[in-house]
Amino acid sequence: MKILNKYLIKEIFSNVLMVLLALIAMFSIFDLIQSLDALGIGSYGLGNILYFVLLSAPVHIYYVMHIVVLVGILCSLLQAECSSEL
């Protein structure tokens, strides 16, 4: 594999991962805020809310993965173009 291919794959992977983490953090915060209304009802505590937010993350990843890849690749290409690497 050529050095350029390795470099582009590393840049694309890092940008895709950064976008994915940002979107999952945003969705997790929204789920947490939405679930705080039910805090204290019965035995539904903060631990249960955090467990729910943790278990709902794979569903959010499944729904936004194609958008994450698109935005990550576009960010990588934009960074390469701004630094005159393309």
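Heavy atoms only: backbone and side chains are in, while hydrogens, waters and symmetry mates are out.
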Review point. Are I61 and V53 grouped together when hydrophobic residues (ILVMFWY) are joined by side-chain heavy atoms under 4.5 angstrom apart?
Key: no
Exercise for review: Hydrophobic side-chain clustering at under 4.5 Å (ILVMFWY, transitive links): who's grouped with L55? Put none if nobody.
Suggested key: Y51
Show me the donor-acceptor pairs, under 3.5 Å and distance only, between side chains in residues 69-78 and residues at least two apart or in other chains.
| unit_1 | atom_1 | unit_2 | atom_2 | d |
| --- | --- | --- | --- | --- |
| S76 | OG | E11 | O | 3.2 |
| S76 | OG | N15 | ND2 | 2.7 |
| S76 | OG | G72 | O | 3.0 |

Ignoring hydrogens and angles, write down the donor-acceptor pairs under 3.5 Å from the side chains of residues 17-38, residues two or more places apart or on other chains.
| unit_1 | atom_1 | unit_2 | atom_2 | d |
| --- | --- | --- | --- | --- |
| S28 | OG | I24 | O | 2.8 |
| D31 | OD2 | S56 | OG | 3.2 |
| D31 | OD2 | H60 | NE2 | 2.8 |
| S35 | OG | D31 | O | 3.0 |

Sequence neighbours excluded and cut-off under 3.5 Å, please list the side-chain donor-acceptor pairs for residues 43-50, or say none.
| unit_1 | atom_1 | unit_2 | atom_2 | d |
| --- | --- | --- | --- | --- |
| N48 | ND2 | S43 | O | 3.0 |

Check your understanding: Taking only residues two or more places apart in sequence or in another chain, which ones pass side-chain hydrogen bond (donor to acceptor under 3.5 Å, both in side chains) with Y7?
Key -> E85
